[in-house]
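Scroll down for the structure; my scribbles are underneath it.
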Amino acid sequence: LKEIDVTLTDFVLAAQTLFFFWRIWKRPAAHPLRTSFLILFLGFGLASAAGGIVHGFTTHGTLTHSILWTITLISVGVTACGFALAGSRLIWGPAHTRVAGQAVIGVFLLYGIVLIFKRAFLIAILFYIPATLLMLAGLAAHIRRHGSDRRVRIGLMGLGLSLVAPLVQIFGVSLHPVYFTYNALYHVILMIAVG
């Protein structure tokens with residue numbers, strides 16, 4: 001097992017987010033953000049699971065590594081789509097859901113084209129940060145219209161923390177250079193943000 005800290009934290013994050021996916025899946029379909037959150041948590045879970053396999057069990061440069069890394073990056077994009085869909089629905093309401101969905105699909109396809117040429121995690125980060133900001137704007141719009149409650153405040157804190165995680169990744173902030181690298185710290189921050 002290579003990169004044990006990164007692999008284990010990836011798998012824990014995958015379990016956490018797929019559990020949330022399962023919980024939402026089991027609920028009645030009445031909630032207007034249900035589909036957006038299903039997309040978000042499924043993408044998150046798949047990205048973390050594939051990332052854990054990449055970091056722990058594949059060798060860079062092999063076909064298996066390349067395929068799983070591509071799945072990881074695409075899944076991060078799916079997560080971003082979930083954020084963008086939820087945020088746009090909170091901002092513009094159900095009347096514009098179709099247009100927002102088409103725009104999100106269009107941007108996701110552009111992201112896929114970029115990944116053909118450059119499969120770097122920084123590209124994924126640059127794709128999901130605007131989607132996270134859109135979700136923050138959506139929650140702010142919701143607060144303006146309906147006031148704040150405990151769930152919305154927790155969501156705001158989680159989203160804010162999830163914007164700190166990429167900075168850890170980009171700047172390589174680690175607790176230990178071998179036993180707890182910046183990738184593992186990135187995952188732990190995301191676990192707290194999602195939880």
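Only this structure's heavy atoms are used, side chains among them; waters, hydrogens and symmetry mates stay out.
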- Query: Does some side-chain heavy atom of Phe83 sit less than 4.5 Å from a side-chain heavy atom of Leu134?
  - Reply: no
- Message: Suppose the criterion is side-chain hydrogen bond (donor to acceptor under 3.5 Å, both in side chains): which pairs have a residue in residues 12-23, not counting sequence neighbours?
- Response: none
- Look at the side-chain heavy atoms of Ile, Leu, Val, Met, Phe, Trp and Tyr, link any pair under 4.5 Å apart, and say whether Val114 and Leu109 land in one connected group. no
- Task: Supply the atom-to-atom distance Ile125 CD1 to Ile170 CD1, rounded to the nearest 0.5 angstrom.
- Result: 4.5 Å
- Query: Can you get from Phe180 to Val168 by hopping between Ile, Leu, Val, Met, Phe, Trp and Tyr side chains that sit under 4.5 Å apart?
  - Reply: yes
- Item | Single-linkage hydrophobic cluster, 4.5 Å side-chain cutoff, Leu126 and Phe171 together | yes
- Query: If you look at every heavy atom in Ala131 and Ala80, which pair is closest and at what distance?
  - Reply: CB-O, 3.2 Å
- In chain order, what residues pass the side-chain contact (heavy atoms from CB on, under 4.5 Å) check against Ser174, with sequence neighbours excluded? Tyr182
- Message: Could you work out, with ring pair (Phe, Tyr, Trp, His ring centres under 6.0 Å) as the rule, every residue matching Phe41, not counting sequence neighbours?
- Response: Phe20
- Query: Does Ser66 reach the main-chain N or O of Leu63 with its side chain, forming a donor-acceptor pair under 3.5 Å?
  - Reply: no
- Here the pair of heavy atoms bringing Ser75 nearest to Ala47 is CB-N, 3.4 Å
- Query: Could you state the interatomic distance from CG (Leu159) to CG (Leu136), rounded to the nearest 0.5 Å?
  - Reply: 4.5 Å
Listing, residues 48-58 side-chain donor-acceptor contacts under 3.5 Å, not counting sequence neighbours, or none:
from: Ser48; atom 1: OG; to: Phe44; atom 2: O; distance (Å): 3.0
from: His55; atom 1: ND1; to: Glu3; atom 2: OE1; distance (Å): 3.3
from: His55; atom 1: ND1; to: Glu3; atom 2: OE2; distance (Å): 3.3
from: Thr58; atom 1: OG1; to: Val54; atom 2: O; distance (Å): 2.8

- Who passes side-chain contact (heavy atoms from CB on, under 4.5 Å) against Leu38, sequence neighbours left out? Phe21, Ile24, Trp25, Arg34
- Query: If we only count heavy atoms from C-beta on, is the Leu1 to Thr7 side-chain gap below 4.5 Å?
  - Reply: yes
Identify every side-chain donor-acceptor pair in residues 95-108 under 3.5 Å, counting partners at least two apart or on other chains, and give the distances.
from: Thr97; atom 1: OG1; to: Arg89; atom 2: NH1; distance (Å): 2.9
from: Thr97; atom 1: OG1; to: Pro94; atom 2: O; distance (Å): 3.0

- Validation row: Val78, Leu42 side chains within 4.5 angstrom (heavy atoms): no
- Query: Under a single-linkage rule joining Ile, Leu, Val, Met, Phe, Trp and Tyr whose side-chain heavy atoms are separated by less than 4.5 Å, which residues share a cluster with Met157?
  - Reply: Ile154
- Using the test ring pair (Phe, Tyr, Trp, His ring centres under 6.0 Å), find all partners of Tyr179 that sit at least two apart in sequence or belong to another chain. His176
- Item | Donor-acceptor contact present, side-chain Thr181 to main-chain Val178, <3.5 Å | no
- Message: Tell me every residue that passes ring pair (Phe, Tyr, Trp, His ring centres under 6.0 Å) with Phe127, counting only those two or more places apart in sequence or in another chain.
- Response: Tyr111
- Task: Tell me, please, which residues at least two apart from His60 pass side-chain contact (heavy atoms from CB on, under 4.5 Å).
- Result: His65
- Item | Single-linkage hydrophobic cluster Trp69~Val76, side-chain heavy atoms < 4.5 angstrom | yes
Name each donor-acceptor pair under 3.5 Å that joins a side chain in residues 187-195 to protein atoms two or more places apart or in another chain, with its distance.
from: His187; atom 1: ND1; to: Thr9; atom 2: OG1; distance (Å): 2.8
from: His187; atom 1: ND1; to: Asn183; atom 2: O; distance (Å): 3.2
from: His187; atom 1: NE2; to: Asp10; atom 2: OD1; distance (Å): 3.2

- Task: List the steps, then state whether side chain to side chain contact (heavy atoms under 4.5 Å, CB included) holds for Ile123 with Leu73.
- Result: CA-CA 9 Å; Ile123 302 297; Leu73 296 175; over 6 Å; no
- Task: Decide yes or no for Thr72 and Leu46: does some side-chain heavy atom of the first lie under 4.5 Å from some side-chain heavy atom of the second?
- Result: no
- Query: Out of curiosity, does Leu33 fall in the hydrophobic cluster containing Trp92 (side-chain heavy atoms, cut-off under 4.5 Å, transitive links)?
  - Reply: no
- Starting at CG of Leu156, measure out to CD1 of Ile143 and round the result to the nearest 0.5 Å. 4.5 Å
- Task: Can you label the angle between the Phe121 ring and the Tyr186 ring as parallel, tilted or perpendicular, going by 30° and 60°?
- Result: perpendicular
- Task: List in chain and number order the residues that pass side-chain contact (heavy atoms from CB on, under 4.5 Å) with Ala137, two or more places apart in sequence or in another chain; answer none if no residue qualifies.
- Result: Ile91
- Query: Do the non-hydrogen side-chain atoms of Met135 and Leu90 ever get within less than 4.5 Å of each other?
  - Reply: yes
- Query: Do Ile74 and Leu115 have side chains that get closer than 4.5 Å, going by heavy atoms?
  - Reply: yes
